[in-house]
**Student:** 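The structure follows.
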Amino acid sequence: TGKAAEKFVLEKIFLLDDIKQILKANDQNLLDKLKNLKEENNNLKKNKTIIKDLYSDANNIQFGDIKIYYQNLDCEPKELKNNSDNIKSKINCGIIILTCVFEKKISIVTSITENLFDRYDSNIILKKIVMFLDGKGGGGRKDLAQGGAPLSNKFYELKDSLKKIID
């Protein structure tokens with residue numbers, strides 16, 4: 001007991017001090033910080049799974065010799081670009097259009113695979129979609145563009161109208 005117990009307790013105190021320093025915590029908020037970290041980690045794992053399993057052939061629309069991949073996601077607008085990149089890594093040739101509705105606004109990301117750069121431009125596709133949805137603005141690069149529009153009934157016609165909009 002004696003010296004061995006004292007050494008054991010000191011090691012635990014030093015370990016606890018190191019943990020508090022790493023988490024920038026104190027005795028009063030250490031447990032809350034750990035709970036928040038665990039919850040955040042679980043959410044990240046959950047979102048990663050959703051992103052990994054996002055691509056589905058069921059969302060492809062045949063458009064001549066290429067495919068349009070369209071999906072409305074249940075996510076925040078800032079997540080659309082990452083999801084688009086993830087889908088783009090799974091397809092060889094196509095146009096990717098992702099949307100989400102957040103706070104009564106529609107966010108849109110358009111993306112095209114590199115082998116379609118000579119035929120299509122994400123900026124142009126995005127502007128046509130935004131115009132169809134009665135929105136304004138938006139833009140980006142030839143391979144990836146992002147914009148938005150107010151939520152209206154036209155949003156529910158978007159998927160069926162994509163061939164006409166892009167053509």
Side-chain angles (χ1 to χ4, degrees), residues 23-25 29 32-167:
L23 296 178
K24 295 181 172 78
N29 67 4
D32 288 337
K33 287 214 176 200
L34 283 172
K35 286 177 184 176
N36 288 340
L37 267 176
K38 184 174 182 180
E39 184 178 329
E40 188 177 313
N41 188 40
N42 287 340
N43 287 338
L44 286 172
K45 285 179 183 177
K46 181 179 170 186
N47 287 340
K48 187 175 182 180
T49 303
I50 290 169
I51 290 170
K52 185 175 77 175
D53 298 335
L54 188 65
Y55 179 78
S56 168
D57 279 332
N59 295 316
N60 286 329
I61 302 166
Q62 195 63 42
F63 181 64
D65 61 338
I66 63 166
K67 290 181 181 170
I68 301 170
Y69 181 91
Y70 171 78
Q71 188 170 3
N72 182 49
L73 302 176
D74 183 18
C75 69
E76 291 188 27
K78 63 183 178 184
E79 297 172 17
L80 288 177
K81 285 183 182 181
N82 288 337
N83 287 324
S84 176
D85 289 342
N86 183 272
I87 292 169
K88 192 188 280 191
S89 72
K90 294 180 183 341
I91 63 174
N92 297 332
C93 181
I95 299 169
I96 300 159
I97 300 166
L98 299 180
T99 59
C100 72
V101 178
F102 190 74
E103 296 177 357
K104 297 184 181 183
K105 295 178 186 169
I106 305 162
S107 291
I108 308 133
V109 165
T110 58
S111 182
I112 58 173
T113 55
E114 192 173 331
N115 53 359
L116 293 177
F117 285 176
D118 60 331
R119 294 167 59 186
Y120 297 99
D121 184 319
S122 285
N123 276 308
I124 294 169
I125 294 169
L126 174 75
K127 288 180 184 191
K128 288 179 178 181
I129 292 170
V130 168
M131 194 176 352
F132 172 82
L133 295 170
D134 298 325
K136 296 179 182 168
R141 304 181 309 262
K142 185 174 184 92
D143 67 319
L144 181 82
Q146 187 167 11
L151 181 59
S152 70
N153 286 336
K154 283 190 168 186
F155 174 67
Y156 304 103
E157 301 168 14
L158 179 61
K159 183 175 182 178
D160 294 331
S161 302
L162 281 174
K163 289 182 183 180
K164 283 188 247 172
I165 293 169
I166 293 172
D167 198 16

**Student:** Does the side chain of Lys128 come within less than 4.5 Å of Ile125's, by heavy atoms?
**Tutor:**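 No, side chains not in contact.
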**Student:** Among residues at least two apart in sequence or on other chains, which ones pass salt bridge (Lys or Arg N to Asp or Glu O under 4.0 Å) with Lys154?
**Tutor:**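 So Lys154 forms a salt bridge (Lys or Arg N to Asp or Glu O under 4.0 Å) with Asp134.
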**Student:** Say you draw a straight line from CG of Asn153 to CG of Leu158; how long is it, rounded to the nearest 0.5 Å?
**Tutor:** 13.0 Å
**Student:** Could you tell me which residues satisfy side chain to side chain donor-acceptor pair (under 3.5 Å) with Asn123, sequence neighbours excluded, listed by chain and number?
**Tutor:**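 With sequence neighbours excluded, Asn123 shows a side chain to side chain donor-acceptor pair (under 3.5 Å) to no residue whatsoever.
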**Student:** Could you go through residues 94-103 and list every donor-acceptor pair under 3.5 Å that involves a side-chain atom there, pairing it with any protein atom two or more places apart or in another chain?
**Tutor:**
{"residue": "Thr99", "atom": "OG1", "partner": "Tyr70", "partner atom": "OH", "Å": "3.1"}
{"residue": "Thr99", "atom": "OG1", "partner": "Asn72", "partner atom": "OD1", "Å": "2.9"}

**Student:** Tabulate below the donor-acceptor pairs under 3.5 Å that side-chain atoms of residues 160-167 make, not counting sequence neighbours, or state none.
**Tutor:**
{"residue": "Ser161", "atom": "OG", "partner": "Glu157", "partner atom": "O", "Å": "2.9"}
{"residue": "Lys163", "atom": "NZ", "partner": "Gln62", "partner atom": "O", "Å": "3.1"}

**Student:** Who are the side-chain contact (heavy atoms from CB on, under 4.5 Å) partners of Lys142, not counting sequence neighbours?
**Tutor:**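 Result, side-chain contact (heavy atoms from CB on, under 4.5 Å) vs Lys142: Phe117, Asp121.
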**Student:** Quick one: do Ile108 and Leu133 satisfy side-chain contact (heavy atoms from CB on, under 4.5 Å)? Show the steps, please.
**Tutor:** CA-CA 10 Å; Ile108 308 133; Leu133 295 170; 3.8 Å; yes
**Student:** Going by side-chain contact (heavy atoms from CB on, under 4.5 Å), name the residues that satisfy it together with Asn36, two or more places apart in sequence or in a different chain.
**Tutor:** none
**Student:** If you take all heavy atoms of Lys81 and Gln146, which pair is closest and at what distance?
**Tutor:**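 Residues Lys81 and Gln146, closest heavy atoms: CE-OE1, 2.8 Å.
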**Student:** What's the spacing between Asn86 CG and Ile91 CD1 if we round to 0.5 Å?
**Tutor:** 11.0 Å
**Student:** Measuring from Lys67:NZ to Asn92:CG, what's the distance to the nearest 0.5 Å?
**Tutor:** 9.5 Å
**Student:** Hey, what do you get for NZ (Lys78) to CG (Leu80), rounding to the nearest 0.5 Å?
**Tutor:**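 Spacing of NZ (Lys78) from CG (Leu80) equals 11.5 Å.
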**Student:** Minimum heavy-atom separation for Pro150 and Ile106, please, with both atom names.
**Tutor:** O-CD1, 3.5 Å
**Student:** Using the test side chain to side chain donor-acceptor pair (under 3.5 Å), find all partners of Tyr120 that sit at least two apart in sequence or belong to another chain.
**Tutor:** none
**Student:** Does the side-chain contact (heavy atoms from CB on, under 4.5 Å) test come out yes or no for Arg141 and Leu144, once each step is laid out?
**Tutor:** CA-CA 5 Å; Arg141 304 181 309 262; Leu144 181 82; 3.7 Å; yes
**Student:** Under the salt bridge (Lys or Arg N to Asp or Glu O under 4.0 Å) rule, collect the residues that match up with Asp65, sequence neighbours excluded.
**Tutor:** Arg119
**Student:** If the condition is side chain to side chain donor-acceptor pair (under 3.5 Å), which residues does Asn115 pass it with, not counting sequence neighbours?
**Tutor:** Thr113
**Student:** Sequence neighbours left out, what passes side chain to side chain donor-acceptor pair (under 3.5 Å) with Ser111? Give chain and number order.
**Tutor:**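 Ser111 satisfies side chain to side chain donor-acceptor pair (under 3.5 Å) with Lys88 once adjacent residues are dropped.
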**Student:** Indicate the atoms forming the closest heavy-atom contact of Ser122 with Ile112, along with that distance.
**Tutor:**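 Heavy atoms only, the tightest pair is OG-N, 3.4 Å.
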